[in-house]
Protein chains: 2
Amino acid sequence: MDIGEFSAMAESAVAAREVIIAFVHCQITYSGRAEAFLGRGDRVLLIKADSTVIIHQPEGSNPINYMRPGSAVTFEKVDQHVMMHVMNSGDKSFLDVEIFRVYDVASRKLEDGQKQDLAGSERDMSDHIRDNPTLIGNDFHPISREEQTDVGFIDVFGHDKQGHFVVVECKRITASLMAVDQLRRYVERVKQIKGTQVVTGVLAAPSITPNARDMLESYGFRYAHVQPPMRLERWHRDQKKIFEY
Amino acid sequence: MDIGEFSAMAESAVAAREVIIAFVHCQITYSGRAEAFLGRGDRVLLIKADSTVIIHQPEGSNPINYMRPGSAVTFEKVDQHVMMHVMNSGDKSFLDVEIFRVYDVASRKLEDGQKQDLAGSERDMSDHIRDNPTLIGNDFHPISREEQTDVGFIDVFGHDKQGHFVVVECKRITASLMAVDQLRRYVERVKQIKGTQVVTGVLAAPSITPNARDMLESYGFRYAHVQPPMRLERWHRDQKKIFEY
DNA sequence: GCCTAGGTCCCGTCC
DNA sequence: GGACGGGGCCTAGGC
């Protein structure tokens, strides 16, 4: 596609809050929360309705460059190529994309009001524990969930038969040193607030790293093996056989 | 575009390791590390050369759905629409994208061997401190950087005039409670390893949250105001005036 | 392979 | 608006 034609088309598409996708040959400079330069290559350019700009290389999950929503996108024709300037006054950053060739491009007004329905988060796990307290222990009695303190929020807070407080930190995946740090921070704060030295710390997760387990036990805390509530039956039912061939 | 045509084209593009971009009207189901459903709407579909699949809604920085590199991508024609199946045997996840309409599509072999050159990371900051130790204190003497321990790695490790050990944790942005947790973990480990109770903890960052500062001081640690090494002069020189209008 | 932590993290939520 | 922590986090680096 002619580079001047692209410039005009992109400019009006941005103004109309259309989404733009393109294959381009370009070179990129970023300055803001860091500084970056990427030499010439073929990439995917995506400009969204809210002026989010995303650039992908041909491989990998993450964009190689991006600008956050609400940026100012302008195009400048220079010789035989187009310079796309993206500026964000909020975080004082800018992205310059020097576009040498446009292989393919499309722009369109996209309509999508849907929100994703997602299950299996850590919040679901703390719900699950509140509703099934024996997962933590036979005498665990939940009092609150997502309890706010000035040092962060406690996933599940409760007490045992003797009335001693219990702090539960949940991780939906393998618990690490950082999870133990969090648990320790909450337990210490509860001790201060409640004026007691007897507070139980429980780390609930499907697994835990060896170092985290050592550290956990050195603080006198306990690990509870808990699976996050997910419905993987469908995978096992529908897909397992496929991979067995 | 005709939906059957799309199916055939996409299938051969995937086989040829081409990159595909498209505007589609679709509905999405995901099952794997979580479970998710997204009703019908217009989205951007991106399939990369390594079979990474990324789907964007018209707004926001992050993809609403994705599958990691190395997935198996297949297309199935069902009535008047196409079902795209993406399966990843590594993490036992799958993504089903039911495509009802294809507004625009392009596929192409993209060539890009470039790697990004990036400055301003936390690693650059610890380099900067090692080379300018007075940023931490007048009598700070660095010994090592990115020192590995069994409880994580210490950004900058050194000693003072009296030979007491100093542990420095760097953050390129506002330091939070988690940064204090890390610092405390490293200081405690150094005390154990070196068999001393006199270890100084320093949190180096451009700013720190009030709660983090309280917690830091309660452990007897110190905050050092350090800017991450970035070259923002260009921003201030080139862009500042524009926003002043 | 696991473990650890950074990220131009982004994002929601609650104060 | 700041603070805090989750994320289907992803990715890099060390062991």
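Throughout, a chain's letter reflects where its sequence line sits, starting with A, and its residues are numbered from 1.
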Original post:
Between CG of Leu38(B) and CD of Glu98(B), what distance do you get to the nearest 0.5 Å?
Top reply: 12.5 Å
**OP:** On DNA chain C, check which nucleotide each of Glu146(A) and Asn62(A) is closest to and give me the residue with the more 5' one.
**Re:** Asn62(A)
**OP:** Using the six-membered ring for Trp and the full ring for Phe, Tyr or His, decide whether Phe153(A) stacks on the six-membered base ring of dC4(D) (centres under 5.5 Å, planes under 30°).
**Re:** no
Original post:
The side chain of Tyr66(B) lies closest to which of these nucleotides: dC14(C), dC10(D), dG6(D)?
Top reply: dC10(D)
Original post:
Are a donor atom and an acceptor atom from the side chains of Arg185(B) and Gln182(B) found within less than 3.5 Å of each other?
Top reply: no
Original post:
What nucleotide, of dA5(C), dG7(C), dC10(D), holds the atom closest to the side chain of Gln182(B)?
Top reply: dA5(C)
**OP:** Using a 4.0 Å heavy-atom cut-off across all strands, classify Asn65(A) as base, sugar-phosphate, or nothing.
**Re:** base
Original post:
When all nucleic acid strands are considered with a 4.0 Å heavy-atom cut-off, which category describes Met67(A): base, sugar-phosphate, or nothing?
Top reply: nothing
Subject >> Salt-bridge criterion met for Glu169(B) and Arg184(B) (N-O under 4.0 Å) >> reply: no
Original post:
Watson-Crick or G-U wobble partner for dT8(C), using a 3.5 Å limit on both distances?
Top reply: none
Original post:
Using purine N1 to pyrimidine N3 plus N6-O4 or O6-N4 for Watson-Crick, or N1-O2 and O6-N3 for G-U wobble, each under 3.5 Å, what pairs with dG2(D)?
Top reply: dC14(C)
**OP:** Just compare dC14(C), dG7(D), dG6(C) and give me whichever is closest to any side-chain atom of Glu169(B).
**Re:** dG6(C)
**OP:** Answer yes or no: is there an ion pair linking Asp112(A) with Arg43(B), defined by an N-O contact shorter than 4.0 Å?
**Re:** yes
